[in-house]
Amino acid sequence: MVHQARSQASLSRGRNSKVTFVTDEREEREDWAALLAPRLAQFAAVARHEHVTRAAAELGVPQSSLSRAIVRLEEDLGVALFARHGRTVSLTPAGRDFLASVEGALGEVGRAAESVRADADPAYGKVAFGFLHTLGPETVPELIRGFRIEHPRVRFTLVQGYGEWLIERLREGELDLCLASPVPDAPDLRARRLAEQRLRLVVPDDHRLAARKRVRLAEAAEEVFVTLEPGYGMRRITDDLCAQAGFTPKIAFEGEEAETLRGLVAAGLGVALLPPPAVARPGVVELTISAPRAVREIGVAWVAGHSDPPPVAAFKRFLLGRKGQLLAG
């Protein structure tokens, strides 16, 4: 809300129709932008034509209304922006300074409007899409390739991260959609389960269990684990599965990337619970876990109650249509 203390102003017109103002006190405004914004385009039009009638015709407003708006603008600023010369006007030095800033501001507003309109265009718009690091090498490129068969010009902003961080970016409005695991369950979000991915116990290729195809997770109770850092969905799943197997994992290293953990395992620094790799890593063996049931659910999430721009709505429909096929090659 704008509060104002208006002073008395006297308007005098000399021989050259120059407008001057005498004020008893400064005008006090809490929000100049809210006050002036509707009049800036009017001011710029008058400055461009140097003629109120022609500017009014361009803007499609009555000449008298435009004249009053310009006088009111000068009164609010306490500055004469135009010198009057009969039917024409010319900018004062203050008016020229003001026009330079106004044209810059109007240009920025115009570019911003075009940008958001373009982002919402169903054919040329943009989708801000977040996903887990482990889905980056194959799953996400395949998804976008498949979607762009029908929507070839839609653009993407792609953001990789861990589950909790992605959900925060979603809540902050930085993402339209994200693939997360575990699938979030919160009142301010909506989510749909799309896939279930079996996890493996990853051990060095010279490990005592390396010759096995299937193991119970309890058989690794005395091993040293390398894991993702707290806050990652896979870390939570690792802790939960080990608890179901009857032990708390002894953690030697924490990292941020699944492939970094595989490298640590290959170096003999521990074992890890991980989803299957995009490309087989030398130096490690990936073992099927027979008990407990070791899987992670992957789903798509978005903020509840938001109206989706057309390109986001189209990509959301595409993702939901991939249920059960998200991880397929």
Side-chain angles (χ1 to χ4, degrees), residues 1-121 123-128 153 155-157 159 172-176 309-311:
M1 182 176 180
V2 177
H3 300 281
Q4 58 187 34
R6 183 173 296 282
S7 60
Q8 295 295 322
S10 62
L11 171 63
S12 64
R13 297 184 184 273
R15 189 165 45 191
N16 294 322
S17 299
K18 182 177 180 180
V19 182
T20 60
F21 294 91
V22 179
T23 59
D24 296 328
E25 60 183 14
R26 284 185 180 273
E27 304 249 332
E28 295 180 0
R29 304 288 181 189
E30 287 188 357
D31 191 345
W32 281 106
L35 177 71
L36 300 178
R39 304 181 211 160
L40 297 184
Q42 295 173 326
F43 163 73
V46 174
R48 183 166 57 252
H49 288 283
E50 295 188 334
H51 198 287
V52 176
T53 302
R54 288 196 290 268
E58 176 191 302
L59 296 172
V61 299
Q63 182 270 335
S64 58
S65 298
L66 182 57
S67 294
R68 287 194 297 270
I70 294 301
V71 171
R72 179 67 181 276
L73 175 62
E74 292 177 311
E75 289 177 349
D76 286 332
L77 291 173
V79 175
L81 300 173
F82 293 101
R84 275 71 176 176
H85 313 284
R87 295 179 179 273
T88 64
V89 296
S90 61
L91 287 167
T92 63
R96 284 193 294 272
D97 290 343
F98 190 52
L99 178 63
S101 296
V102 166
E103 288 179 331
L106 292 175
E108 285 297 321
V109 171
R111 285 187 287 274
E114 288 302 317
S115 176
V116 296
R117 282 170 57 84
D119 289 348
D121 187 287
Y124 296 90
K126 183 172 67 175
V127 179
R153 294 181 177 86
R155 296 166 293 127
F156 283 84
T157 297
V159 179
E172 292 293 326
E174 297 173 25
L175 297 176
D176 297 310

So which atom in [X] and which in [Y] form the shortest heavy-atom distance, rounded to 0.1 Å?
| X | Y | value |
| --- | --- | --- |
| Gly125 | Pro311 | CA-CG, 3.8 Å |
| His49 | Ala55 | CD2-CA, 3.7 Å |
| Val102 | Ala44 | CG1-CB, 4.4 Å |
| Glu174 | Ala128 | O-CB, 3.5 Å |

Can you tell me how far the [atom1] atom of [X] sits from the [atom2] atom of [Y], to the nearest 0.5 Å?
| X | Y | atom1 | atom2 | answer |
| --- | --- | --- | --- | --- |
| Leu40 | Ser101 | CG | OG | 10.0 Å |
| Thr88 | Arg54 | OG1 | CZ | 8.5 Å |
| Arg72 | Ile70 | CZ | CD1 | 12.5 Å |
| Leu73 | Phe98 | CG | CZ | 5.5 Å |

Backbone N or O of [Y] within a donor-acceptor pair of the [X] side chain at under 3.5 Å?
| X | Y | answer |
| --- | --- | --- |
| Thr92 | Ala83 | no |
| His51 | Thr53 | yes |
| Ser67 | Gln63 | yes |

Steps toward side-chain contact (heavy atoms from CB on, under 4.5 Å) verdict (Arg48, Glu58): CA-CA 11 Å; Arg48 183 166 57 252; Glu58 176 191 302; 2.5 Å; yes
Glu103: partners by salt bridge (charged side-chain N to carboxylate O under 4.0 Å, His left out), with sequence neighbours left out: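 Glu103 satisfies salt bridge (charged side-chain N to carboxylate O under 4.0 Å, His left out) with no other residue.
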Val127 side chain reached by Thr157 side chain, heavy atoms, under 4.5 Å: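 No - every pair of side-chain heavy atoms lies 4.5 Å or more apart.
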Salt bridge (Lys or Arg N to Asp or Glu O under 4.0 Å) between Arg84 and Glu74, worked out: CA-CA 13 Å; Arg84 275 71 176 176; Glu74 292 177 311; 3.1 Å; yes
Test log, rule side-chain contact (heavy atoms from CB on, under 4.5 Å), inputs Phe43 and Leu66: CA-CA 9 Å; Phe43 163 73; Leu66 182 57; over 6 Å; no
side-chain contact (heavy atoms from CB on, under 4.5 Å) between Gln42 and Leu59, intermediate numbers included: CA-CA 8 Å; Gln42 295 173 326; Leu59 296 172; 4.0 Å; yes
